[in-house]
Amino acid sequence: MSMQMTSNKLDGKNYFAWSQFVKLYFTGKGKLGYLTGEKIKLDISDPSFSTWVEENTMLMSWLLNSMIPNFNASFLKLPSAHDIWDAVAQTYFTGNDASQIYKLRRKAHETCQQGKSLASYFSTLQAIWQELDFLNPYDMESAKDTAMLKKRIENERVYDFLASLDPGFDQIRVQVLAQDPTPNLRSTYAFD
């Protein structure tokens with residue numbers, strides 16, 4: 001198994017993207033339990049103890065190698081992949097940080113196509129919106145309310161996407177906005 005799980009190395013500013021890459025990689029390798037703590041350290045008398053030690057050590061090296069060099073030193077002495085994962089999260093994850101959400105919302109509103117390809121512009125907005133969704137999850141009591149909130153947010157994102165397209169897309173913008181109901185974001189992107 002390769003120790004290079006992502007070229008997106010943790011640098012202190014990219015925790016969200018880094019953590020998503022790591023979770024995907026560990027899940028794909030069937031090792032997510034080592035990160036979450038579900039795969040607990042076995043007793044030394046357990047016949048599978050040496051396998052656990054070997055796998056944990058391999059995963060620790062994957063995590064440490066996925067960080068820029070001066071970052072991994074502060075996690076090097078931790079005893080398990082789970083401990084490294086938790087320590088990194090405590091250090092770099094800001095949770096539901098209002099200033100970070102504000103910064104991302106502002107970035108989304110300021111993002112314009114400005115001659116970029118449509119795919120590049122859409123991808124930039126998608127990355128911002130995914131990070132916003134991660135930091136600000138839909139916590140509603142009713143499934144109906146959650147669906148309504150998601151639809152409203154989707155419509156707002158359609159408007160944001162359309163508002164910052166280059167002028168060459170004015171005719172398509174008018175056609176999309178004339179539809180009732182407003183198409184979802186992916187359909188709007190495909191329309192363009």
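Side chains are part of it too, since the values below use all heavy atoms of this structure and drop only hydrogens, waters and symmetry mates. FYI, the numbering just counts along the sequence from 1.
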Contacts of D133 that satisfy salt bridge (Lys or Arg N to Asp or Glu O under 4.0 Å) - sequence neighbours left out: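 Checked D133 against salt bridge (Lys or Arg N to Asp or Glu O under 4.0 Å); matches are R157.
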Where the side chain of [X] meets the backbone of [Y], is there a donor-acceptor pair that is under 3.5 Å apart?
{"X": "S120", "Y": "K116", "result": "no"}
{"X": "Q113", "Y": "D166", "result": "yes"}
{"X": "N65", "Y": "S61", "result": "yes"}
{"X": "T111", "Y": "L125", "result": "no"}
{"X": "W18", "Y": "S66", "result": "yes"}

Do any side-chain atoms of residues 77-84 form donor-acceptor pairs under 3.5 angstrom with protein atoms, and if so which ones, sequence neighbours left out?
unit_1, atom_1, unit_2, atom_2, d
S80, OG, H82, N, 3.4
S80, OG, D83, N, 3.0
S80, OG, D83, OD2, 3.0
H82, ND1, L35, O, 2.6
H82, ND1, G37, N, 3.3
H82, NE2, D86, OD2, 3.1

Point-to-point distance, once rounded to the nearest 0.5 Å, from [atom1] of [X] to [atom2] of [Y]:
{"X": "T146", "Y": "M140", "atom1": "OG1", "atom2": "CE", "value": "5.5 Å"}
{"X": "L59", "Y": "F26", "atom1": "CG", "atom2": "CZ", "value": "4.5 Å"}
{"X": "E110", "Y": "I128", "atom1": "CD", "atom2": "CD1", "value": "9.5 Å"}
{"X": "E131", "Y": "Q20", "atom1": "CD", "atom2": "CD", "value": "9.0 Å"}
{"X": "T182", "Y": "E156", "atom1": "OG1", "atom2": "CD", "value": "11.5 Å"}
{"X": "N184", "Y": "R186", "atom1": "CG", "atom2": "CZ", "value": "8.5 Å"}

F191 vs Q179, side chain to side chain contact (heavy atoms under 4.5 Å, CB included): CA-CA, chis, key distance, verdict: CA-CA 12 Å; F191 199 96; Q179 294 186 14; 3.1 Å; yes
Evaluation steps, side-chain hydrogen bond (donor to acceptor under 3.5 Å, both in side chains), between N8 and N14: CA-CA 8 Å; N8 191 16; N14 63 343; 3.1 Å; yes
Restricting to non-hydrogen atoms, name the atom on [X] and the atom on [Y] that form the minimum distance, rounded to 0.1 Å.
{"X": "L64", "Y": "N72", "answer": "O-ND2, 3.1 Å"}
{"X": "T188", "Y": "P183", "answer": "OG1-O, 3.5 Å"}
{"X": "L132", "Y": "I101", "answer": "CD2-O, 3.7 Å"}
{"X": "T51", "Y": "Y34", "answer": "O-OH, 4.5 Å"}

Test: K150 and E154 ion pair at under 4.0 Å: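 So K150 does not pair with E154 through a salt bridge.
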Check: W62 ring centroid to W85 ring centroid under 6.0 Å: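 W62 vs W85: aromatic centres not under 6.0 Å.
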F169-Y121 aromatic ring centre distance below 6.0 Å: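 Ring-ring flag for F169/Y121: false, centres at least 6.0 Å apart.
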Verdict with supporting geometry, F161 and F122, ring pair (Phe, Tyr, Trp, His ring centres under 6.0 Å): CA-CA 7 Å; F161 171 71; F122 185 73; 5.4 Å; yes
Partner of F134 by ring-ring contact (aromatic ring centres under 6.0 Å, His included), out of Y15, F93, W129: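 The single option meeting the ring-ring contact (aromatic ring centres under 6.0 Å, His included) with F134 is F93.
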T36 and L32: CA distance, side-chain angles, deciding distance, side chain to side chain contact (heavy atoms under 4.5 Å, CB included) verdict: CA-CA 6 Å; T36 63; L32 188 61; 4.0 Å; yes
Can you hop from [X] to [Y] via hydrophobic side chains spaced under 4.5 Å?
{"X": "L76", "Y": "L10", "value": "yes"}
{"X": "I44", "Y": "L42", "value": "yes"}
{"X": "F16", "Y": "F21", "value": "no"}
{"X": "M60", "Y": "F49", "value": "yes"}
{"X": "Y159", "Y": "V174", "value": "no"}

pair [X]-[Y]: side-chain heavy atoms closer than 4.5 Å:
{"X": "L149", "Y": "I153", "value": "yes"}
{"X": "L162", "Y": "I172", "value": "no"}
{"X": "R106", "Y": "H109", "value": "no"}

Working for side chain to side chain contact (heavy atoms under 4.5 Å, CB included), residues Q126 and L185: CA-CA 10 Å; Q126 282 287 91; L185 189 58; 3.4 Å; yes
Salt bridge (charged side-chain N to carboxylate O under 4.0 Å, His left out) partner of K31, chosen from E55, E38, E54: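 When salt bridge (charged side-chain N to carboxylate O under 4.0 Å, His left out) is applied between K31 and each of E55, E38, E54, only E55 qualifies.
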